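Heads up, the thing below is written out as C-alpha cells.
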Amino acid sequence: MDDQERRSMPLFSIGIVKKLTELTARQIRYYEENALVFPERTTGNQRLYSFHDVDRLLEIKDLLERGINLAGIKHILTEKEHKNPKDARVTDKKVRKMIRNELLFETGKMGKSNMLQGEMSRFFH
DNA sequence: CTTCTTACA
DNA sequence: TGTAAGAA
C-alpha cells in the first residue's frame, strides 16, 4: 500500500485527535457536521480519524485562528482538493491570497452578509 | 472509562 | 462553544 492509503487509514479515536490537534471534541465533531472532515466509523459508531483527517483539522485550526469562518475554510479546503486531486500542493501565495480575500469578506469591506456561493467562488479566483 | 447524540445556557 | 443527560 502506498502513502496515500496510509494517510487515509482510519486509526485514531476522537480522544487521540483531541490531544494531537489541541481541539475540543465539540469542535472536532462540529467541523464534521460542516463537512470539513470525514472520519470513518467503527461498528460501534465510534469515529476513527486518519492522518489526513488530523492534517485537515490542524489546517482548520490554523485558518480559524486567522479569523476565517467555517464557510471560508470550507471553500479553501475545497479549492485545494479541486486543485490537488492527488498531491500537488497549492502555493503559499495562492493560500495567502484566499486568506486575504476571506478577511476582506469578513471585515465587510465589500458588503458581506449575503454574497452568494457563485460570487464567493469568483471572488476566490 | 470513553464516545455518541441531543438539547439548552 | 461549553456542558448536561442518558445510552452504548
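Lettering of chains follows the sequences in order, A, B, ..., and the numbering in each one begins at 1. Just so it is clear, the model here is predicted, and its values are computed rather than measured.
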Does [N] have its OP1 or OP2 closer than 4.0 Å to a side-chain nitrogen or oxygen of [X]?
X: A:Arg26; N: C:dT3; answer: no
X: A:Tyr49; N: B:dT3; answer: no
X: A:Arg47; N: B:dT3; answer: no
X: A:Gln27; N: C:dT1; answer: yes
X: A:Ser13; N: B:dT2; answer: no

In whole Å, I'd like the distance from the [atom1] atom of [X] to the [atom2] atom of [N].
X: A:Ile28; N: B:dT2; atom1: CD1; atom2: P; value: 15 Å
X: A:Ile14; N: C:dA8; atom1: CD1; atom2: C1'; value: 15 Å
X: A:Ile16; N: B:dT2; atom1: CD1; atom2: C1'; value: 11 Å
X: A:Arg41; N: B:dC4; atom1: CZ; atom2: C1'; value: 7 Å
X: A:Asn45; N: C:dA8; atom1: CG; atom2: P; value: 12 Å
X: A:Leu48; N: B:dT2; atom1: CG; atom2: C1'; value: 13 Å
X: A:Glu33; N: C:dG2; atom1: CD; atom2: C1'; value: 14 Å
X: A:Lys18; N: B:dC1; atom1: NZ; atom2: P; value: 14 Å

Given side chains that start at C-beta, do those of A:Gln27 and A:Lys61 come closer than 4.5 Å, heavy atoms only? no

Is the closest side-chain heavy-atom distance between A:Lys18 and A:Thr24 below 4.5 Å? no

Is the backbone of A:Arg41 close enough, under 3.5 Å, to the side chain of A:Asn45 for a donor and an acceptor to pair up by distance? no

Per side chain to side chain contact (heavy atoms under 4.5 Å, CB included), A:Ile73 is matched among A:Thr78, A:Asp62, A:Leu63 by A:Leu63

Which sits closer to the 5' end of DNA chain C, A:Leu23 or A:Gln46, going by the nucleotide each is nearest to? A:Leu23

Quick check: is A:Tyr30 connected to A:Leu57 through a chain of hydrophobic side chains (ILVMFWY, heavy atoms under 4.5 Å apart)? yes

With a 4.0 Å cut-off on heavy atoms, is A:Gly15 in touch with a base, just the backbone sugar-phosphate, or nothing at all? sugar-phosphate

